[in-house]
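Here's the structure we're looking at; comments come further down.
Residue numbers start from 1 in every chain, and the chains themselves are labelled A, B, ... in the order their sequence lines are given, proteins ahead of strands.
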Number of protein chains: 2
Amino acid sequence: MTTIALVDDHKIFSDSLASLINDFEGFTVCWSAQDGAKAIQLLQQNAQKPDIVFLDIVMPGMSGLDVAKWICDNKKDIKVLALTMEEDDNSVIQMLQYGVRGYLLKNIGAEELRMALEQVVKFGYYYTPIITSNIHKHVEKKNQSGNVPEIKDREKELLNHLCTEMPYAEIAKKMFLSESTVDTYRARLFEKFEVKNRIGLILKAVNMGLVKL
Amino acid sequence: MTTIALVDDHKIFSDSLASLINDFEGFTVCWSAQDGAKAIQLLQQNAQKPDIVFLDIVMPGMSGLDVAKWICDNKKDIKVLALTMEEDDNSVIQMLQYGVRGYLLKNIGAEELRMALEQVVKFGYYYTPIITSNIHKHVEKKNQSGNVPEIKDREKELLNHLCTEMPYAEIAKKMFLSESTVDTYRARLFEKFEVKNRIGLILKAVNMGLVKL
DNA sequence: TGGAGATTGGGGGTTTTACCTGTTGGAATT
DNA sequence: AATTCCAACAGGTAAAACCCCCAATCTCCA
């Protein structure tokens, strides 16, 4: 039996959610808290350690982000699922960085909720399709950042080195080229990418997905 | 009834996969092809237009990546699911850029397969947890890139401008500071982040998640 | 076989960065 | 009132980055 804790300031919401989850086979809600501080307090008492914590992001007082950070830092074996209205990119990224195991929007149906729970139990992770579709959009956006210029192998090689702390002299050594040649290539890259700077070049190349930092 | 086409050079694999899928309620395999060229030919004839194409990545001749690109360019309403042994980051990113709707590893079980199909039908997207966990690892890696130094508001502001094509003179104008002051802040940031370069600073800041490009 | 184009390199310049050692003035502390 | 702290600023210097024009090879290929 997988135990679940709910953290949400809207009591009626967590109560109804609890009733829904308790109807699912194999899942039970062990407790629910109305704010972040109380949730952490309950987790510290260790009385009823849940397998999964459903966490609302927007709450008065301690925010869901803070609670997520605390849990991911102090109770690594508890899986945190974020539950929120916000489709905000920033908080998604923030949560992912904290180590949250999934991200649900509050407008999901009961069916997707069960699917999410099962996936988390089986695989440890679940991201709602909206989120993955965000990743998708995010990646597709990169393709729209101007036309990717044609670059030759040697230029591409230089491009990768340019996205580095290395000064040109070092790059020249690594590529077995003279500094002048590196300079010529650099100039061509600047032209092709229509940038004024090594920094501008890096930004464009990253946005086009040509290099990964 | 959702129709599915299979593209895989291992005939025995696509045959058995077809039999498995045909056992799923609501899904049927309309055809299968042994290589990319034949798949595109069948898609062009438009005889049996599938809802979903299961695409093997590694194939002799035309690779799955090429086929994916073709479908996403020419038949946007067909959902492409990549199916592969490779957990290689590069091909994942490549496929995502082409607009693939999901990514499955060949070692998935029948159950996850059905889950994937149902999710694609319902939501349009499915990424195997391994992949999302890759995203996860990728994101978590960022947290391990050294301790995030404490930076004041004004420094943070400068940091954002530094991740830009702007030279210092322009940044100074934007921040209503003299160039000298910008320079002192810059020096402090270099020190705090332990970098030698504006570029090094950008790299570290991005990896720490302090700025987004 | 001559020319187009890719690759590699040089010389000589300006601009921008990066680093250094300072000073001033205001706010907070004690 | 004296001290500490810090944001803001100055000037100078050396290094790195950036920009232009040009040249020697080499391959390819029409």
Whole-Å distance, B/Arg198 CZ to D/dA17 C1', equals 12 Å
Under 6.0 Å from the NZ atom of B/Lys156, do we count more than 12 heavy atoms belonging to anything else shown? yes
Quickly work out the B/Phe190 CZ to D/dA16 P distance and round it to whole Å. 13 Å
Whole angstroms only, please: what is the CG-P distance between A/Asp183 and D/dA17? 10 Å
By nearest nucleotide on DNA chain C, pick out whichever of B/Thr184 and B/Lys196 is the more 5' one. B/Lys196
Heavy-atom side-chain contact between B/Met166 and B/His161 under 4.5 Å: yes
Atom CG of A/Leu189 and atom C1' of D/dA17: how far apart are they, to the nearest Å? 15 Å
NA contact type, B/Asn197, heavy-atom cut-off 4.0 Å: base, sugar-phosphate, or nothing? sugar-phosphate
Residue that, paired with B/Ile4, satisfies side-chain contact (heavy atoms from CB on, under 4.5 Å) out of B/Leu117, B/Thr28, B/Leu17: B/Leu117
Could you check how far CD of B/Glu191 sits from C1' of C/dC20, rounded to whole Å? 13 Å
Residues within residues 161-182 of chain A bordering DNA chain C, heavy-atom distance below 4.0 Å: A/Leu177, A/Ser178, A/Ser180, A/Thr181
For B/Asp153 and D/dC6, what is the distance between atoms CG and C1' respectively, to the nearest whole Å? 15 Å
Quick one, A/Ser14 and A/Gln34 - any side-chain contact, counting heavy atoms below 4.5 Å? yes
D/dC19 P sits how many Å from A/Arg188 CZ, rounded? 15 Å
Is the number of heavy atoms from other residues, nucleotides or ligands within 6.0 Å of CD (B/Gln45) greater than 12? yes
Heavy-atom neighbours of A/Gln44 CD exceed 12 at 6.0 Å: yes
Please give, in whole Å, the distance from D/dA17 P to B/Ile199 CD1? 7 Å
Would you mind telling me which of B/Asp183, B/Leu177, B/Val182 makes a side-chain contact (heavy atoms from CB on, under 4.5 Å) with B/Tyr168? B/Val182
For A/Arg186, which contact category applies under a 4.0 Å heavy-atom criterion: base, sugar-phosphate, or nothing? base
Is any side-chain N or O of A/Arg154 closer than 4.0 Å to OP1 or OP2 of C/dT7? no
